[in-house]
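This report concerns only the one structure given below.
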Amino acid sequence: MLRNILLATSITMAVLAAGPASAAEKKTIAVSIPAADHGWTAGVVYHANAAAKEINKAFPDIEVIVKTSPSASAQVSAIEDLSATRKLDALVILPHSSEELTTPVKTIKEKGSFITVVDRGLNDPSIQDLYVAGDNIAVGFNTAKFLVEKMGGKGNLVVLRGIPTVIDDERIKGFKDGIAGSGLKVLDIQYANWNSDEAFKLMQDYLAKYPQIDAVWANDDDMLLGVLEAIKQSGRKEIKFALGGNGMKEIIQKVMAGDSVTPVETPYPPSMIKTAIYLTAAHFAGHAPVRGSFKLDAPLITKANAAEYYFPDSPF
Amino acid sequence: MADVAAAPPRAQRNRSIGWGDAGPFLALAALVLIGFLINPDFLSANNIANVVTRSAFIGIIAIGATFVISSGGLDLSVGSMAAFITGVMILFMNWVTPSVGTAAIPLGMAVALVTGIACGLLNGTIVTVGRIEPFIATLGTMGIFRALITYMTDGGTVAIDRSLRDAYRPVYFGDVLGVPIPILVSLAVALVAAYVLYRTRYGRRCVAVGANEDVARYSGISVTRVRTMAFVIQGACVAIAAICYVPRLGAATPTTGLLWELQVITAVVIGGTALRGGRGRIWGTVAGAVILEFIANLMVLSDFVSEYLVAAVQGVIIIIAMLIQRMSKS
């Protein structure tokens, strides 16, 4: 009896000891992203989970774990918990905010993890091994160039801003640079907080205030949905273009259908998280050098290439 | 407005008749005058119709909140609840549309109403039976409702079935004899609410409980029942607002109804209801909701301030509106 117990115990001990040893050969990639609280972040969560599933299946030696966090402080706790309970070979992080996440990510870097930063940069760029981001300035700039060209360089515009952040500032700066020197005039520019409801109200007010509006730029597709409803309700016909940005599937559908008011779209694709996870996996599986910065372009999505940006199963 | 005299206690009632009740309407008149001076387009029929229609959501929810607040409670969950009811309603309608067609709309409305009443009952029960401070109880349910809508939408958007869109659109965009339907709905809700609060035994009890819980209890009023009922009325009002809201954008998202609770409380307080309970003003609340929407509209129509300062000016105007009211009372 005693012998049996001893035997069982030693077998268990041996298994336990062997467990971590064999697991050590398996590379762990942790992915830390904001929880889905609006369209774009919902897209990020969707694409992160899709990438994790595909990589876990394709590369048995790599395990991708996705963790979502509703706030910056929750994200700090999440990455601390992850690194405390296991060895992280890599951390792919889309930080809630640059300031708050810089030191915690640095701590993980010092433990020897490969660090991939997505979208919002950290305050100290030397922490990251790989940086993947979209181009917010190009989102504004390319939309502006399209409008300048299609409207023959003249007309009245109204612009809706998002939430006061770096992302919003960059898009607006790109847009203003894009129309500089043309005869396009920005009549008004106000915040609608990337919210379709507030955009609906703001657009109604713009329509009451200005008798002639030639085009609207909403800087984000959630807001564009509100803008389109307000225009529809007013029955005003002079508005030639109403454009957004980000690549929401409802808007991509409009582009595919050849909608005359919304004929193009600029991507700031939430799928960039997938690009980042794949590149990080390549570092382990492909022995390919992936260190550096990877900036996704924001080309105009037109009827011709819209299918490339259309994800029917994504919530965004 | 004079029928508020039905509300005890006596001392307060005498002070509050007359000029005191005119406060929110004076503030509204002042705002309309300023608006006209800033931009004559402000008084165009179209603009007024848009703004008053938009204020209907906050207005209807705030009418419910007038009951909760005047009975000494507070409901922070209304914005999340509105989003949650909207989500439940849309998912339900999309689910039954293939079998019943456009009959899904009235069915969806019924489901929304039942959901709203159930949510209100939940809040009310936690507060009264669970004996938890309304502030904390509804802070809890606020998180629950918001998480549920985020879960139901996968963090993205749930849109109403395309085949229902055109049929349902008139509920927000339609009108009867030129008056937009949401305005008619909020007037109807306000009339019923004013009757209940000023003319019925329940209304008097509601205010009495808010004025002094112990005295109310000693005079044989079931405080638990009165308070729970106030939350149920609140839930029903949120559902009515959601029913008018759905056709506007035809979708529910995790940002639907964000921060509405603060606007609702502001509208109720501007309207002359006491935040600590014991006094309720239905028509004042309606005026308060319109004032809030007018301020936002005016900020866009005027070109005076930088886009960065709009929120600050709105805050200042709200405080001035309260001061006008305070002075008109004394």
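For clarity, every value in this text was computed on a predicted model and none was experimentally measured. In the text below, chain A, chain B and the rest are named by the order of the sequence lines, each starting its count at 1. Keep in mind that the numbers below use all heavy atoms, side chains included, and drop hydrogens, waters and symmetry copies.
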Taking B:Leu301, B:Asp41, B:Thr153, B:Asp154 one by one, which has the highest count of heavy-atom pairs under 4.5 Å against chain A?
-> B:Leu301
Taking only Lys NZ, Arg NE, NH1 and NH2, and the carboxylate oxygens of Asp or Glu, determine whether B:Arg54 and A:Asp197 approach each other closer than 4.0 Å.
-> no
For residues A:Ala36 and B:Gly155, report the shortest heavy-atom separation together with the two atoms involved.
-> CB-CA, 3.6 Å
Identify whether the distance between the nearest side-chain nitrogen and carboxylate oxygen of A:Glu229 and B:Arg248 falls below 4.0 Å.
-> no
Honestly, the part of B:Thr53 sitting under 4.5 Å from a heavy atom of chain A is neither
Heavy atoms, side chains only, cut-off 4.5 Å: are A:Lys249 and B:Thr157 in contact?
-> no
Interface moiety of B:Ala296 toward chain A, non-hydrogen atoms closer than 4.5 Å = backbone
So which of B:Thr255, B:Thr150, B:Asn50, B:Thr256 has the biggest tally of heavy-atom pairs under 4.5 Å with chain A?
-> B:Asn50
Against chain B, label A:Ser196 side chain, backbone, both or neither, depending on which of its atoms sit under 4.5 Å from a heavy atom there.
-> both
Go through the atoms of A:Leu228 and report whether side chain, backbone, both or neither lie under 4.5 Å from a heavy atom of chain B.
-> neither
Is any side-chain heavy atom of A:Lys201 closer than 4.5 Å to a side-chain heavy atom of B:Glu293?
-> yes
Worked check of side chain to side chain contact (heavy atoms under 4.5 Å, CB included) between A:Tyr206 and B:Val300 = CA-CA 7 Å; A:Tyr206 279 160; B:Val300 178; 4.1 Å; yes
For A:Tyr210, is it the side chain, the backbone, both or neither that has a heavy atom under 4.5 Å from a heavy atom of chain B?
-> side chain
Measure distances from A:Asp188 to the heavy atoms of chain B and classify the residue's part below 4.5 Å as side chain, backbone, both or neither.
-> side chain
Looking at B:Leu249, B:Leu258, B:Thr253, B:Ile149, which has the largest count of heavy-atom pairs under 4.5 Å with chain A?
-> B:Leu249
Where on B:Val158 is there a heavy atom nearer than 4.5 Å to chain A: the side chain, the backbone, both, or neither?
-> neither
Proximal component of B:Phe42, with respect to chain A [non-hydrogen, under 4.5 Å] = neither
Among A:Gln204, A:Gln190, A:Lys232, which residue forms the greatest number of heavy-atom pairs with chain B at distances under 4.5 Å?
-> A:Gln204
